[in-house]
Engineer: 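My questions all concern the structure below.
Just so you know, these numbers come straight off a predicted model, no measurement behind them. Within every chain, numbering begins at 1; the chains are lettered A, B, ... in the order of the sequence lines, protein sequences first and strands thereafter.
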Number of protein chains: 2
Amino acid sequence: MVDRTSGVPAFRQVAADLRDKISAGAYPPGARLPSERDLVDTYGVSRPTIRQAVDALRVEGIVITEHGRGVFVKPTPSIRRLSRHRLSKEARARNQGAFLADAEAHGFKPSSTVKVRFESADDRAAGYLAVEQGEELTVRDRVMRADGAVVQLAVSRLPRRFTTGSAIEQVDTGPGGTYARLEEAGHVLGSYAEHVGARMPTPDEASALQLGQGVPVVTVTRVAYREDGVPLEMNDMVLSADRYELSYEWAAD
Amino acid sequence: MVDRTSGVPAFRQVAADLRDKISAGAYPPGARLPSERDLVDTYGVSRPTIRQAVDALRVEGIVITEHGRGVFVKPTPSIRRLSRHRLSKEARARNQGAFLADAEAHGFKPSSTVKVRFESADDRAAGYLAVEQGEELTVRDRVMRADGAVVQLAVSRLPRRFTTGSAIEQVDTGPGGTYARLEEAGHVLGSYAEHVGARMPTPDEASALQLGQGVPVVTVTRVAYREDGVPLEMNDMVLSADRYELSYEWAAD
DNA sequence: CAGTGGTCTAGACCACACC
DNA sequence: GTGTGGTCTAGACCACTGG
């Protein structure tokens, strides 16, 4: 039952009580909570109030709701760790690029859909690629799948003057992928930078990545630089935060 | 007006329409949306339905609501970039550790509150620190502020056998911080690893970090290794995703 | 004060899952 | 069918903001 004198909204009291019971183990991962109509009786509030409480737990990512079945404690999914070593030259030599290297290491069956297009550089792209706004870019839109499920969206952008005449402007870039083609054209890779953030997904991303309720996305912008420091490529990646963790290692000093 | 024959729930149609208008610039960042009661007239649905639509935009992080004032398009906050160079020995020599180095670089006034306690290693800590479960750990709980506002929560754990007798078990670790004290005790730092993820905040984190509605947190677990590869410290950090971006750079191959 | 969002009620009907 | 969550209504009162 809720305390109507405390000043704390009823739906928050219900949410807090359910949250406590879940973390205490009264409802273990995968367990079904009592039905919303049962909770109405338990707490003595109306159904919309119960739904408001359940919604709060849903956006926190603690529970998921399944139409016609019930409300369930969200099972903790397994986390796949992506290491920066996925970009080594050795890995490139063996296959078609970073994503396939990861697939091989983890034993899932990769596939991807690619669309190539051209656009002019906006403010942000111009900044990362150190080109003038409006310069023509080659854009590769990729949807990557593991065993059929979409796991990553990636948009790669390169100044078109680095890609004319190469397979980078084709759907299939050939063995070693984009980076191998760049090196063949005399652009030797010198360094990488990755900028990592997180945000809530757009509805499009949520459905494409089959994101669970209350799951943010991790965004990674990778910039590849030539040996002389000239930016060659920027790659905007979007990953499901409950399935991926990014790892970086470096020597002290 | 909503289309009652399309099968798409009314609140989703309203949310999609508002979302489109916002991204088209009809409501620029910071602008106030029409009041919920005006939207009731505009779309011809009840107020709870309008509220459901606004709630959806809120958890997407597109708008914020302010009691008694209105619904506003969320302004895009400035992003602070944290580079891995914040851990260089040079930076340590100058001040009291990683957070203060970052503060100095960005010109804000840092402060932090520290609590020291001891606990036995759980499953996860034992894994990262390569110790037996139950081994005694020194735990430093830090709340970091920039110009008074909480910007980061950090929990640092070290096997206690590396810290007995050192200032690491004191609130004030002295110049150069924990890492400087470890090196003085003969534990020369060899490398770091950071594991980066994201999730929705707990209610405690949301209030401590003064998180906006619909803003996830970025979690970073940093492990510091001795030259011989023995883990010395793990540091669990929680950051507001709309205020921070993490940057990592490395040489190709 | 008027206008705003925040909370809550007591229903109703629908769509989906499972027996 | 029965039970589940999903959606929606037409109100009500409260708490906060700002003139």
Engineer: Tell me if the side-chain of A:Arg51 makes a donor-acceptor pair with the base of D:dG5, cut-off 3.5 Å, by modelled atom types.
Structural biologist: no
Engineer: State whether the distance check finds a donor on one side and an acceptor on the other, under 3.5 Å, for side chain A:Arg37 versus base D:dG5.
Structural biologist: yes
Engineer: Can you figure out which of D:dG5, C:dG5, C:dC8 approaches the side chain of A:Ser35 most closely?
Structural biologist: D:dG5
Engineer: Choosing from D:dA10, D:dT4, C:dG5, which nucleotide comes nearest the side chain of A:Arg32?
Structural biologist: D:dT4
Engineer: Are A:Asp236 and A:Arg222 close enough for a salt bridge, meaning some N to O gap below 4.0 Å?
Structural biologist: no
Engineer: Would B:His67 count as stacked on C:dG6 if the rule is ring centres under 5.5 Å and plane angle under 30°?
Structural biologist: no
Engineer: Does D:dT7 have its OP1 or OP2 closer than 4.0 Å to a side-chain nitrogen or oxygen of B:Thr49?
Structural biologist: no
Engineer: Determine whether A:Leu153 and A:Leu209 make a side-chain contact, defined as any pair of heavy atoms from C-beta on separated by less than 4.5 Å.
Structural biologist: yes
Engineer: Find the distance A:Leu39:CG to D:dG3:P and express it as a whole number of Å.
Structural biologist: 16 Å
Engineer: At under 4.0 Å between heavy atoms, what does B:Val54 touch on the DNA or RNA strands: base, sugar-phosphate, or nothing?
Structural biologist: nothing
Engineer: Without decimals, in angstroms, what is the distance between A:Arg69 CZ and D:dT4 P?
Structural biologist: 13 Å
Engineer: Using distance alone, with no hydrogens and no angle criterion, decide if A:Ser247 and B:Glu194 have a side-chain donor and acceptor under 3.5 Å apart.
Structural biologist: no
Engineer: Under 4.0 Å between any heavy atoms, over every strand shown, what does B:Arg58 touch: base, sugar-phosphate, or nothing? Just pick one.
Structural biologist: nothing
Engineer: Would you mind reading off the distance between B:Glu66 atom CD and C:dG5 atom C1', rounded to a whole angstrom?
Structural biologist: 11 Å
Engineer: Assign each of B:Gly70 and A:Ala10 to its nearest nucleotide of DNA chain C by heavy atoms, then name whichever residue's nucleotide is nearer the 5' end.
Structural biologist: B:Gly70
Engineer: Once hydrogens and angles are ignored, does a donor-acceptor distance under 3.5 Å link the base of C:dG6 to the side chain of A:Arg12?
Structural biologist: no
Engineer: How close or far is atom C1' of D:dC8 from atom OH of B:Tyr43, stated in whole angstroms?
Structural biologist: 18 Å
Engineer: Rounding to an integer number of Å, can you tell me how far A:Arg47 CZ sits from C:dA12 C1'?
Structural biologist: 11 Å
Engineer: Looking only at side-chain atoms of A:Arg4, point me to the closest of C:dT9, C:dG5, D:dT4.
Structural biologist: C:dT9
Engineer: Would you mind reading off the distance between A:Gln52 atom CD and C:dA10 atom P, rounded to a whole angstrom?
Structural biologist: 15 Å
Engineer: List the atom of B:Val2, the atom of B:Ala10, and the distance in Å for their closest heavy-atom pair.
Structural biologist: CG1-O, 4.2 Å
Engineer: Taking the six-membered ring for Trp, are B:Tyr248 and A:Tyr248 parallel (under 30°), tilted (30 to 60°) or perpendicular (over 60°)?
Structural biologist: parallel
Engineer: Would you say D:dG11 has OP1 or OP2 under 4.0 Å from some side-chain N or O of B:Ser46?
Structural biologist: no
Engineer: Check whether B:Gln13 reaches the backbone of B:Asp3 with its side chain - one donor and one acceptor, N or O, closer than 3.5 Å.
Structural biologist: yes
Engineer: Rounded to the nearest angstrom, tell me the gap between atom CG in A:Asp38 and atom P in D:dT2.
Structural biologist: 17 Å
Engineer: B:Glu36 CD to D:dA15 C1': how many Å, rounded?
Structural biologist: 14 Å
Engineer: Using a 4.0 Å heavy-atom cut-off across all strands, classify B:Pro9 as base, sugar-phosphate, or nothing.
Structural biologist: sugar-phosphate
